[in-house]
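Everything on this sheet refers to the single structure shown next.
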Amino acid sequence: MNDMDQKSLFSLYDIPAAFALLTRIPMPFDYGKLSARGAHAVWAYPIVGAVVGAIAGLLISLLAATPIPSAATAMLGLCVLVMLTGAMHEDGLADCADGFWGGATKERRLEIMRDSRIGAFGVIALIVVLVAEWSLIEGVVFADPVALFAAIGAASRAPICAAMYALPNARATGLSVLTGRPKLSTALLGLGLGGVIVLVIFGVSLLSFYLMLGAGFGALIVYLLAYQKLGGQTGDVLGASQKLAAVFALAAAYLA
């Protein structure tokens, strides 16, 4: 990859680069070239979310046609979402819960978030959020889970693009720092692409509006807390924001 490819707004490597960072799906590309795109590939995050969501939704659709109980179907769908992403969003959620409420200063909170061990706040946050997500998924097992989870996957990752541009890095090292800060044009493209994917799937409808509103609200909660507690964002913050955005989007779908 030449210097022009590394600095251009678009690259053929952007989508596989986003998959390589956000999922455990192996990419048949040179990972050095993929990582070189860094923040330039942020615009493709909603595409990754849509694909991951569609895969989980497809499994749910197939299982819904069998005698398997809806609760088990929802649990298996949730497991697929977690496995495809390597539980990175769940890990971020647990780390943020431990750090935000386990430390009295910014430095101590960041220190706690770097600790690979999970504390009481992290366990509680995971239980509450995963149980809520499981229950909400069970409620849409017999709807159109492929379309719904593809839309939620895109909508819940779109705010990450904006946060990576708008919020400063809370620490000098970490995944978010290594990825870099995207340009405004890249961040806006990713944010807009998330909305476009939702509109392509569900059209200009109340459901589309609620999904985007719910995802944005869930992510905003995390970003406001991160700014208050840390003065900025980290990779854990971005991961946690996706998790809450997805849960709030699922909940909002019931209002449409």
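Residues take their numbers from the sequence shown, with the count starting at 1. Side-chain atoms are counted along with the backbone in the values below, which use heavy atoms only and exclude waters and symmetry mates.
Connection of Ile127 to Leu93 is established within a shared hydrophobic cluster, with ILVMFWY side chains joined at heavy-atom distances below 4.5 Å, either directly or through further cluster members. One hydrophobic cluster, built from ILVMFWY side chains closer than 4.5 Å, cannot hold both Ile112 and Leu126; they sit in different ones. Note on Leu62 and Phe142: separate hydrophobic clusters, where clusters join Ile, Leu, Val, Met, Phe, Trp and Tyr whose side-chain heavy atoms are under 4.5 Å apart, directly or indirectly. Follow the hydrophobic side-chain contacts under 4.5 Å out from Leu199 and you never reach Val146; the two are in separate clusters. Note on Leu206 and Val200: separate hydrophobic clusters, where clusters join Ile, Leu, Val, Met, Phe, Trp and Tyr whose side-chain heavy atoms are under 4.5 Å apart, directly or indirectly.
No side-chain heavy atom of Tyr165 sits under 4.5 Å from any side-chain heavy atom of Thr186. At least one side-chain heavy atom of Trp43 sits under 4.5 Å from a side-chain heavy atom of Ile15. In this structure, Leu211 and Leu148 have side chains that are in contact, with non-hydrogen atoms separated by less than 4.5 Å. Contact annotation: the side chain of Leu81 approaches that of Glu133 to within less than 4.5 Å [non-hydrogen atoms, C-beta and beyond]. When side chains are defined from C-beta on, Trp101 counts as touching Lys229, because their heavy atoms get closer than 4.5 Å. A heavy-atom distance below 4.5 Å is found between the side chains of Val51 and Phe19. Side-chain contact between Pro46 and Cys161 is present, with at least one heavy-atom pair separated by less than 4.5 Å. Using a 4.5 Å heavy-atom threshold, the side chains of Glu138 and Met75 count as separate.
Scanning all heavy atoms of the two residues, the minimum distance from Tyr210 to Ala252 falls at O-CB, 3.2 Å. Of all heavy-atom pairs spanning Ala158 and Gly190, the tightest one is CB-O, 3.9 Å. Closest non-hydrogen pair, Ala155 versus Pro159, comes out as O-CD, 3.0 Å. Taking all atoms of both residues into account, the shortest heavy-atom contact from Tyr223 to Ala163 is CZ-CB, 3.3 Å. The nearest pair of heavy atoms linking Leu76 to Leu59 is O-CD2, 3.9 Å. For the pair Ala64 and Thr73, the tightest heavy-atom approach, listed with the atom from each and the gap, is N-CG2, 4.3 Å.
Rounded to the nearest 0.5 angstrom, Arg37 CZ and Leu21 CG are separated by 13.5 Å. Between the NE2 atom in His89 and the OG atom in Ser156 there is a gap of 7.0 Å [rounded to 0.5 Å]. Once rounded to the nearest 0.5 Å, the distance linking CE of Met164 with OH of Tyr45 reads 4.5 Å. Taking OG of Ser208 as the start and CD1 of Ile197 as the end, the distance is 12.0 Å to the nearest 0.5 Å. Atom CG of Asp95 is separated from atom CG of Leu110 by 11.0 Å, given to the nearest 0.5 angstrom. Rounding to the nearest 0.5 Å gives a distance of 4.5 Å between CD1 of Ile68 and CG of Leu63.
When each of Val237, Leu225, Asn169 is checked for a side-chain contact (heavy atoms from CB on, under 4.5 Å) with Leu230, only Val237 meets the rule.
In this structure, Trp134 contributes its side chain and Ala71 its backbone to a donor-acceptor pair below 3.5 Å. In this structure a side-chain-to-backbone donor-acceptor pair under 3.5 Å is missing from Asp14 to Ala44.
A salt bridge between Arg114 and Glu111 is absent, with no side-chain N of the basic residue lying under 4.0 Å from a carboxylate O of the acidic one.
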* **Audit row: Lys243, Glu90, side chain to side chain contact (heavy atoms under 4.5 Å, CB included) steps and yes/no** => CA-CA 7 Å; Lys243 201 64 191 174; Glu90 290 74 16; 2.5 Å; yes

* Does the pair Ile118 and Asp98 meet the rule for a side chain to side chain contact (heavy atoms under 4.5 Å, CB included), with working shown? -> CA-CA 7 Å; Ile118 186 171; Asp98 280 333; 3.8 Å; yes

* Given Val140 and Tyr254, is the side chain to side chain contact (heavy atoms under 4.5 Å, CB included) satisfied, shown in steps? -> CA-CA 9 Å; Val140 297; Tyr254 283 84; 3.8 Å; yes

